[in-house]
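Shown next, in structure tokens, is the structure this report addresses.
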Amino acid sequence: MEKQRELVLVATEASAPLARKVAAQLGVEFSEMVRKRFADGEVFHAFPCNVAGRHLIIVGATHDDASHQEVLDLIAGGGFWNAASINVVIPFLGYSTMERVKPFSREIPKGITRTRQIFLARPGFVAFIDLHSEAVLHAHSGEIGTLHIWTDRLVVEKINSLGIDDYVLVSPDYGFSKRVARLASLLQCPHTAADKDRYDTDKTIVGQVSSVVRGRTAIVCDDMIRTGGSIIQTACRCLDAGATEVYVMATHLVLAGESRRRFAASPIKKVIGSDTYPGVESDDLLDVYSVAPLVAEILSSHFNY
Ligand SMILES: O=P(O)(O)OC[C@H]1O[C@@H](O)[C@H](O)[C@@H]1O
């Protein structure tokens with residue numbers, strides 16, 4: 001088959017489950033990288049097939065340092081073995097919330113510097129999914145094709161599938177309210193935003209929510225859940241303001257530390273999110289949908305299939 005001959009789809013170790021789903025949707029085989037670990041922790045990588053003259057697709061979240069480095073290694077490897085083009089899909093971009101710094105803070109804007117490392121490895125095309133901020137797209141000088149994929153269509157399908165009649169979308173902060181307003185216009189439902197303040201690395205405080213939620217189901221939407229602090233507080237403010245029940249939804253389910261336990265103890269009805277963050281699967285707490293159909297569609301149109 002033409003497509004199978006022209007494309008090679010590989011992934012970082014952690015993003016292989018998502019990459020398999022993308023490959024199935026795209027109608028190509030998933031090529032598992034050959035990996036061997038040395039006693040000192042160094043990792044040997046080899047492509048399982050010839051990539052020379054073929055379009056290499058690399059799927060890899062950069063959620064931890066090892067995966068970030070693996071993405072860089074796979075891009076460099078594709079160049080070394082003469083892939084016709086190197087195309088990267090980053091389902092979750094690590095450090096994406098550190099994209100701006102306060103004047104004189106001496107902070108390193110790692111959202112920018114780490115994204116720049118990816119661009120400097122010389123891929124031809126990089127696609128990101130539901131970025132915290134599009135500022136990172138400007139971390140290169142223009143010669144690389146970038147695409148920011150919004151998952152609006154999947155979110156709309158998921159909310160419609162819940163079968164709730166009267167609901168309000170709620171953003172935990174004003175920064176995300178533009179996206180929530182866009183989703184609300186697609187779903188033709190009301191929307192509102194809470195007022196969130198981040199006063200320390202993992203600590204936020206969320207103010208009151210408008211009475212538009214009274215007597216309705218509130219669906220709190222955000223780009224990511226890390227500790228769960230922002231979204232759980234927003235859910236509680238919705239109930240304080242008279243919401244009948246609360247669902248929460250975020251693309252990237254990081255779920256760090258004690259967050260699962262906090263959700264289990266919260267009044268939240270369901271935690272909904274996608275499979276961009278490695279290791280996330282549906283269970284008693286989580287309702288996970290896949291971004292694979294959307295990623296496959298984007299890749300098909302990128303390669304003109
Ligand atoms: O409150 P937790 O879950 O720790 O962190 C997630 C929040 O931190 C923000 O920057 C994200 O956009 C999201 O609103």
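Only heavy atoms go into these numbers, but all of them, side chains included; no hydrogens, no water, no symmetry mates. One-based numbering, in listed order, for ligands and for the atoms of each.
Pairing each heavy atom of Y289 with each of L154, the nearest pair is CE1-CB, 3.9 Å. For A235 against V248, the heavy-atom pair with the smallest separation is CB-CG1, 4.3 Å.
Pairs passing the side-chain hydrogen bond (donor to acceptor under 3.5 Å, both in side chains) check and including a residue from residues 7-23, sequence neighbours excluded, read E13-R37, R20-E32, K21-D275.
From the protein, the heavy atom lying nearest to atom 5 (O) of ligand 1 is R198 NH2, 3.5 Å. If you check which protein heavy atom lies closest to atom 4 (O) of ligand 1, you get T227 OG1, 2.5 Å. Nearest protein neighbour of atom 6 (C) of ligand 1, counting heavy atoms only, is M224 O, 3.5 Å. Here the heavy atom of the protein found nearest to atom 10 (O) of ligand 1 is H132 CE1, 3.4 Å.
Interface atoms of ligand 1 facing S230, defined by a heavy-atom separation under 4.0 Å, are 1 (O), 2 (P), 7 (C).
At under 3.5 Å, not a single nitrogen or oxygen of T204, backbone or side chain, sits near a nitrogen or oxygen of ligand 1. Looking at ligand 1, you won't find any N or O of D202 less than 3.5 Å from one of its N or O atoms. Between I231 and ligand 1, no N or O atom pair is found at a separation short of 3.5 Å.
Counting heavy atoms under 4.0 Å from ligand 1, residue D223 touches it through the side chain alone.
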